[in-house]
Amino acid sequence: MALIVAKFGGTSVADIPAIENVADKVVREAENGNKMAVVVSAMAGVTNQLIQYCDQVTTIHDAREYDSIVSTGEQVTSGLLALALQKRGLKARSWQGWQIPLRTDLAHAKARIEAIDIAGLKQNLLDGEIAVVAGFQGINDQGRITTLGRGGSDTTAVALAAALGAERCDIYTDVDGVYTTDPRIAPKARKLPKVSYEEMLEMASLGAKVLQTRSVEMAMKERVPLQVLSSFNPELGSELPGTLLVDESEVMEKHVVNGITYSRDDAKITLRNVPDIPGIAAKVFGPLTASHINVDMIVQNISPDNRSTDMTFTVPRVDLAKALDALNKMREEVDEKVEIIFSPDIVKVSVVGIGMKSHAGVAQTMFQTLADKGINIQLISTSEIKISVLIHKDYLELAIRALHTAYGLDKEEDAIS
Ligand code: ASP
Ligand code: MG
């Protein structure tokens, strides 16, 4: 008998009719002979609302109280789904993080899972009970509730699947799989039947918001068979294939590029007249690290006069003000001549594909395609399986559509016509 972990995101449990729909799906899975552990998010919008409540009291939170507040959304949906399942004649029980217990480190609001004591939960599953687990939350060594960072229910589901040795982890969401790009921008986007863990990891961290990055990392490490599928499709649950995350060797369709992602969440900073001396990068970026600001896409120019250089990099847009503050202080210490220029009006567009490892010319296709559309590239960064460029935000849609066509990703029927 297969054991399946199914996770339902916020839009899938947004209200009572949605929860009833989820219960019907779970019933069908159970009737197919599967043992089910179900992980739920909070109702759509609820976590945001809870965070707002915290902000209204004080913007500088005691992280322990923040976690005890924002974890409550999942407590509600897990109880409601257990009730809806019981109403359908099934045995079901809700589990909060502390009841399992799902143990985490001490890092409130972005805690990492350290261990899951599954003995009790597993016994109940074997006794024929459906476990409805509140996602996103755990308990730390101090006995306090912790949360796993935004989107953390995905990670709860994958961790639980790994701990239980589940046959599969199904992530139900409001899209029916992972697409070659955002279908709202490029109507010719196609659903990928399979995508490698590695590609999904890049896509998730580059802005494709289907899965929390950490959950993909964990699925890859623990080799959890993970499927992304829609909870709004009225058809059967897991028989209707979504996108399966698999090992690289199992990806049949070998496009050089499999996905085009974007992020509107960054801002660009350029420092001019930076003294070109040993240790300067450490001096510049040290204060940003100290302020917990994640720096990405760093480029340093060669210095034309052997004395000064320029540096350009990106930071999360939400951290721009904090970054400028830290850099201004650095400037006072390092050299008053350093000039700080910034722009929030940029987007990062990335192409991702494991085929890049073995194909030349992938970057050139990107550059030529953007050139043909008259789009200026402000910054470039690459890894083994991705190329990212920074462009002006007004060109986002145009760039994505053009690249989607250039890499041969348009839907077959569209490509022919
Ligand atoms: N409810 C949490 C959030 O909105 C966790 C999740 O949905 O995965 O971030
Ligand atoms: Mg999510």
Side-chain angles (χ1 to χ4, degrees), residues 5-15 18-19 22 37-55 61 63 66-81 94-98 100 102 104 107-113 116 132-139 145-161 169-179 182 184 200-201 203-219 224 226-232 242-243 245 261 263 265 316 318:
V5 173
K7 180 252 166 180
F8 292 89
T11 46
S12 307
V13 293
D15 49 26
I19 290 174
V22 167
V38 185
V39 176
V40 286
S41 288
M43 290 179 175
V46 165
T47 308
N48 287 344
Q49 175 73 66
L50 292 167
I51 293 172
Q52 269 175 32
Y53 287 149
C54 293
D55 287 343
H61 318 113
Y66 170 92
D67 273 353
S68 93
I69 296 158
V70 302
S71 61
T72 56
E74 275 74 8
Q75 177 159 348
V76 173
T77 46
S78 58
L80 287 171
L81 181 57
S94 66
W95 297 77
Q96 307 310 303
W98 63 269
I100 300 176
L102 184 150
T104 73
H108 281 282
K110 50 177 184 304
R112 282 187 179 266
I113 300 174
I116 307 181
V132 187
V133 175
F136 182 50
Q137 50 166 279
I139 182 169
I145 293 172
T146 51
T147 61
L148 309 177
R150 298 308 306 269
S153 297
D154 294 337
T155 304
T156 306
V158 174
L160 196 62
C169 181
D170 286 339
I171 306 270
Y172 287 87
T173 175
D174 47 8
V175 292
D176 56 357
V178 178
Y179 276 70
D182 187 340
R184 287 166 302 182
M200 192 64 231
L201 194 56
M203 280 152 68
S205 51
L206 289 166
K209 298 211 164 80
V210 207
L211 291 170
Q212 196 197 32
T213 307
R214 224 182 247 185
S215 72
V216 185
E217 249 165 37
M218 191 181 288
V224 175
L226 192 88
Q227 182 172 218
V228 177
L229 65 183
S230 166
S231 60
F232 296 113
T243 297
L245 264 64
T261 60
S263 159
D265 303 333
V318 287

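As the structure lists them, so they are numbered: ligands from 1, and atoms in each ligand from 1. In what follows, every heavy atom counts, from backbone to side chain, and hydrogens, waters and symmetry copies are set aside.
Minimum heavy-atom separation, Thr213 to Leu201: O-CD1, 3.7 Å. Across every non-hydrogen atom of Gly149 and Phe136, the tightest pair is O-CE1, 3.1 Å.
Contact annotation for Gln212 and ligand 1: no heavy atom of the residue comes within less than 4.0 Å of the ligand.
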Criterion side-chain contact (heavy atoms from CB on, under 4.5 Å) on Tyr66 and Ile51, from CA distance to verdict: CA-CA 8 Å; Tyr66 170 92; Ile51 293 172; 3.5 Å; yes

Yes or no on side-chain contact (heavy atoms from CB on, under 4.5 Å) for Gln75 and Ile145, after CA distance, side-chain angles and deciding distance? CA-CA 12 Å; Gln75 177 159 348; Ile145 293 172; over 6 Å; no

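The distance from the CD1 atom of Ile113 to the OG1 atom of Thr155 is 6.5 Å, given to the nearest 0.5 Å.
Near Arg150, meaning under 4.0 Å from one of its heavy atoms, ligand 1 places the atoms 3 (C), 4 (O), 9 (O). Numbered from 1 in the order shown, with element, the atoms of ligand 1 that lie under 4.0 Å from a heavy atom of Ser41 read 6 (C), 7 (O), 8 (O). Contact atoms of ligand 1 toward Gly151: 3 (C), 5 (C), 6 (C), 8 (O), 9 (O) (distance under 4.0 Å to a heavy atom of the residue).
Residue contacts with ligand 1: Asp154 is placed with no nitrogen or oxygen under 3.5 Å of a nitrogen or oxygen of the ligand (distance criterion only).
Proximity of Gly73 to ligand 1 is not established, as no heavy-atom distance is less than 4.0 Å.
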